[in-house]
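Numbering of residues begins at 1 and proceeds along the displayed sequence.
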Amino acid sequence: INAVLSHPTLPLTITGHEDRHIRFYDNNTGQMVHSMVAHLDSVTSLAVDQHGLYLISGSHDCSIRLWNLESKTCVQEITSHRKKFDESIFDVAFHPTRPYIASAGADALAKVFI
């Protein structure tokens, strides 16, 4: 497991894995409720927006993906960082009040997407 986060409004824990999957767990039962192949390489980071509607994931496949949490579908993909020693994106984040996302990568860059 490379990333773990708790959903801000639902009893849900979301994890990002080396095997390219994002998995969703019910906090009340501990059971996995959904699993999906999310990237072409390991999932390195996760973030949920303050309203709990969208998830962003970062990966060593050089992509950031925006997911609709209700439908569990990818609504946007951004290829943003270059690989360095088989690593790419280290972290992703939502701005707490503005519609911005940010990423940090192995290429020594931090990027903000508006």
Side-chain angles (χ1 to χ4, degrees):
I1 298 174
N2 293 332
V4 178
L5 64 80
S6 183
H7 192 279
T9 60
L10 299 174
L12 196 65
T13 297
I14 306 168
T15 57
H17 296 261
E18 197 70 26
D19 67 359
R20 307 174 298 140
H21 283 77
I22 294 175
R23 294 185 175 96
F24 299 80
Y25 295 90
D26 184 314
N27 290 347
N28 296 322
T29 66
Q31 298 296 309
M32 183 173 58
V33 293
H34 187 73
S35 178
M36 61 188 185
V37 175
H39 285 274
L40 301 174
D41 203 340
S42 59
V43 179
T44 58
S45 53
L46 299 169
V48 174
D49 75 299
Q50 71 270 24
H51 304 294
L53 301 175
Y54 294 99
L55 170 76
I56 50 175
S57 59
S59 170
H60 285 322
D61 67 5
C62 303
S63 74
I64 298 167
R65 296 186 182 185
L66 176 68
W67 302 88
N68 177 308
L69 279 175
E70 185 178 354
S71 63
K72 311 279 193 297
T73 57
C74 181
V75 294
Q76 186 170 1
E77 180 180 355
I78 304 166
T79 302
S80 66
H81 293 274
R82 289 181 285 149
K83 274 197 179 238
K84 184 174 182 179
F85 303 117
D86 293 326
E87 296 182 323
S88 180
I89 296 170
F90 289 143
D91 203 8
V92 293
F94 277 100
H95 188 280
T97 58
R98 306 261 185 202
Y100 305 152
I101 61 171
S103 64
D107 56 5
L109 296 175
K111 298 184 176 185
V112 177
F113 302 92
I114 299 172

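With a 4.5 Å cut-off on side-chain heavy atoms, Ile101 and Leu66 do not count as touching. Inter-residue side-chain proximity for Ile64 and Lys111 is flagged as unmet; no heavy-atom pair is nearer than 4.5 Å. A 4.5 Å side-chain heavy-atom check between Ser63 and Leu40 finds every atom pair outside the cut-off.
Asn2 places a side-chain N or O within donor-acceptor distance of the main-chain N or O of Val43, the cut-off being under 3.5 Å. Within the 3.5 Å criterion, the main-chain N or O of Arg20 finds no donor-acceptor partner in the side chain of Ser42. At distances below 3.5 Å, not a single donor-acceptor pair connects side-chain atoms of Thr13 with backbone N or O atoms of Tyr25.
Residue Leu46 is tested with Val92, Val4, Leu55 for a side-chain contact (heavy atoms from CB on, under 4.5 Å); the sole match is Leu55.
The ring pair (Phe, Tyr, Trp, His ring centres under 6.0 Å) contacts involving residues 26-69 comprise Phe24-His34, where partners must be two or more places apart or lie in separate chains.
Heavy atoms only, all atoms of each residue included: Ser88 and Cys62 are closest at OG-CA, 3.1 Å. For Ser103 against Phe113, the heavy-atom pair with the smallest separation is OG-CE1, 3.6 Å. Contact between Ser45 and Ile89 at its shortest, heavy atoms only, is OG-CG2, 4.2 Å. When all heavy atoms are compared, the tightest approach of Arg65 to Cys74 is CB-SG, 4.0 Å.
Residues Phe90 and Leu109 are members of separate hydrophobic clusters, defined by side-chain heavy-atom contacts under 4.5 angstrom among Ile, Leu, Val, Met, Phe, Trp and Tyr. Taken together through direct or relayed side-chain contacts under 4.5 Å among Ile, Leu, Val, Met, Phe, Trp and Tyr, Leu69 and Ile56 form parts of separate hydrophobic clusters. In the hydrophobic cluster analysis, where Ile, Leu, Val, Met, Phe, Trp and Tyr join through side-chain heavy atoms closer than 4.5 angstrom, Met36 is grouped apart from Val75. Both Val48 and Val33 sit in one connected hydrophobic cluster of ILVMFWY residues. Membership requires side-chain heavy atoms under 4.5 Å apart, directly or through other members.
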Stepwise side-chain contact (heavy atoms from CB on, under 4.5 Å) test for Ser6 and Asn27:
CA-CA 9 Å; Ser6 183; Asn27 290 347; 4.3 Å; yes
Mind running side-chain contact (heavy atoms from CB on, under 4.5 Å) on Ile14 and Ile22 for me, showing each step along the way?
CA-CA 7 Å; Ile14 306 168; Ile22 294 175; 3.6 Å; yes
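Within the model, atoms CZ of Arg98 and CD1 of Ile114 stand 10.5 Å from one another, a figure rounded to the nearest 0.5 Å.
Checked by atom type, the side-chain pair His17/Asp19 shows no donor-acceptor distance below 3.5 Å.
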